Amino acid sequence: MGFDGMWSALTGVGTDPGGGYTREAWSGADLELREWFRQEAERRGLDLRGDRNGNLWAWWGDPDTRPGVVAGSHLDSVRQGGAYDGPLGVVSAFAAIDLLRERGVTPGVPVGVACFTEEEGARFGVPCLGSRLLTGVLEPDRARGLTDDDGDTLAEVLKRAGRDPAALGRDPETLGHIGAFVELHVEQGRALDGLGSAIGVAASIWPHGRWRLDFRGRADHAGTSRLADREDPMLPFANAVLAARTAAERAGVVATVGKVRVSPGSANAVPGHVAAWLDVRGEDERAVRDLVAEVGAGVEVACESWTPEVLFDPAIAARLSAALGDAPVIPTAAGHDAGILASAGAPTAMVFVRNPTGISHSPEEYAEPADCHAGVVALADAVKELADGLLV
Ligand code: HGY
Ligand code: MN
Ligand code: MN
């Protein structure tokens, strides 16, 4: 089944009545997507391996004999997210293997398709959960204790999915299979559109992090409590949101509060507690950290995830740019499993596909079919280029 067939098979999975897709890790939608991945691997005679952290790998050739080239991404999404962020990379990886086979190319090293679990961190709060566990940058005990909005821990959810949470942890054997990794991803911005290029190559990922802010007050009656007597946590919360935006504009970084939890959440009660999540990113790590320190002054702040700047190997980026018709080499402010693998020392690259809307984490995220097909060709060329690099 070529790109279009695979793509259409996914379009009905995890659709959200509010729009877009909600495909959270270990949800029903995720289990459907995992089954899709298994079928596509089987259809191609690939050796399907699930690792201890819930990531999926489908191999053409045996990576136990020698490390190979892996292409992949993720299938989970943010809530009411777009169709392309993640799945475009996984579908394109299977289609790239098809294209290499149609060309009669035998890469000379094993070629794998990877699907990382909980890349968005939309359920358990830590993005790139699967690749962080794989590479050992996330402690398994912390991971097991992460909770979703229902208060279920990752350990409990894994058990319900028939998996052993005790198995979580750094996986040197699986890591050893990766001679090189390349992630194709829809661009989450409009740089390629502005450059008139369907394909791009990643130069870097900005440093970025996610912090939880807790504002505590005293629940009270919305009508009978005097304003002077109130300890309303909504006020310092509101000030923090406005302060984050002002500081971000001043520092040339971006700051977002996209998730807030108010408790108890009655329309006729002053809340007792407000929890909010602050996402801050910027080219300059110092500016990012200074913003968090400023906005978090006097507030309970907990860092839930931090990703230092990722500079992809410039030699690999240049080689791929040349192999892909002098594709532009551009930075991104979006985090990716490729960034985690690069930080762990794996030779890694990213290939971007033009997004004419520039919008992502939204149903408006888009890539033209012709650009998606160009992405498959680019990914196949990138895999072959990286495989040749492993053979020298
Ligand atoms: O949030 C991000 O940067 C990515 O889309 N997970
Ligand atoms: Mn993504
Ligand atoms: Mn994303």
Side-chain angles (χ1 to χ4, degrees), residues 10 14 16 20-25 29-30 33 55-56 71-93 114-132 137-138 181-189 191 200 202 204-212 253-259 277-283 285 288 303-310 312 330-343 348-355 357-367 372 375 379:
L10 292 185
D16 189 301
Y21 292 91
T22 297
R23 296 161 165 169
E24 293 189 337
D30 188 36
L33 292 164
N55 306 307
L56 295 173
S73 190
H74 59 96
L75 293 173
D76 67 300
S77 75
V78 295
R79 290 176 192 154
Q80 299 184 15
Y84 299 82
D85 176 352
L88 184 63
V90 179
V91 171
S92 299
C115 177
F116 292 97
T117 183
E118 181 71 333
E119 188 277 342
E120 296 292 359
R123 182 169 185 181
F124 294 102
V126 174
C128 299
L129 181 73
S131 54
R132 289 180 201 262
V137 294
L138 176 66
F181 177 74
V182 56
E183 178 167 5
L184 180 141
H185 206 282
V186 65
E187 189 199 351
Q188 294 161 304
S204 61
I205 295 176
W206 282 6
H208 61 283
R210 194 179 296 191
W211 288 263
R212 173 177 167 143
V253 300
V254 288
T256 311
V257 175
K259 180 178 178 179
W277 283 264
L278 174 65
D279 181 310
V280 188
R281 314 186 187 204
E283 271 188 286
E285 175 175 331
V288 171
C303 182
E304 295 208 335
S305 76
W306 172 252
T307 306
E309 179 182 45
V310 171
F312 290 107
I330 57 174
T332 181
H336 299 282
D337 294 304
I340 304 299
L341 292 179
S343 299
T348 301
M350 288 194 73
V351 173
F352 291 128
V353 171
R354 174 169 48 195
N355 171 353
T357 71
I359 295 172
S360 184
H361 287 184
S362 156
E364 294 181 58
E365 183 183 83
Y366 184 65
C372 293
L379 188 59

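Each ligand, and each atom within it, is numbered from 1 in the order the structure gives. Values in this document were obtained by computation on a predicted structure and should not be read as measured data.
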Subject >> the Mn ion (ligand 3) reached by E120 (N, O or S, under 2.8 Å) >> reply: yes
Subject >> Proximal candidate to atom 2 (C) of ligand 1 [heavy atom criterion; set E119, H208, R281, H336] >> reply: R281
Subject >> Location of contacts on D279 toward ligand 1, heavy atoms closer than 4.0 Å >> reply: neither
Subject >> Nitrogen or oxygen atoms of A334 and ligand 1 under 3.5 Å apart >> reply: no
Original post:
With a 6.0 Å cut-off on ring centres, are F181 and F116 close enough?
Top reply: yes
**OP:** May I ask you to decide if the ring planes of H336 and H185 are parallel, tilted or perpendicular, using 30° and 60° as cut-offs?
**Re:** perpendicular
Original post:
Hey, are R23 and E120 close enough for a salt bridge, meaning a charged N less than 4.0 Å from a carboxylate O?
Top reply: no
**OP:** Find all atoms of ligand 1 within a distance of less than 4.0 Å from any non-hydrogen atom belonging to D85, and give their numbers and elements.
**Re:** 5 (O)
**OP:** Would you please say whether a donor-acceptor pair under 3.5 Å links the side chains of W277 and E304?
**Re:** yes
**OP:** Mind telling me whether Y366 and Y84 have parallel, tilted or perpendicular rings, with 30° and 60° as the class edges?
**Re:** perpendicular
Original post:
Can you tell me which residue and heavy atom of the protein come closest to atom 4 (C) of ligand 1, and the distance to 0.1 Å?
Top reply: G335 O, 3.3 Å
**OP:** Taking all non-hydrogen atoms of both residues into account, name the closest pair between L184 and G375 and its distance.
**Re:** CD1-O, 3.2 Å
Subject >> Heteroatom distance test (H361, ligand 1): nitrogen or oxygen, under 3.5 angstrom >> reply: yes
Original post:
Where is the tightest heavy-atom contact between G282 and V253, given as atom of each residue plus distance?
Top reply: CA-CG1, 3.9 Å
Subject >> Three-point angle H185:NE2, the Mn ion (ligand 2), D85:OD1, rounded to the nearest 10° >> reply: 80°
Original post:
Can you tell me if an N/O/S atom from H336 lies under 2.8 Å from the Mn ion (ligand 2)?
Top reply: no
Original post:
Between H185, E120, Q188, H74, which one has a non-hydrogen atom sitting closest to atom 6 (N) of ligand 1?
Top reply: E120
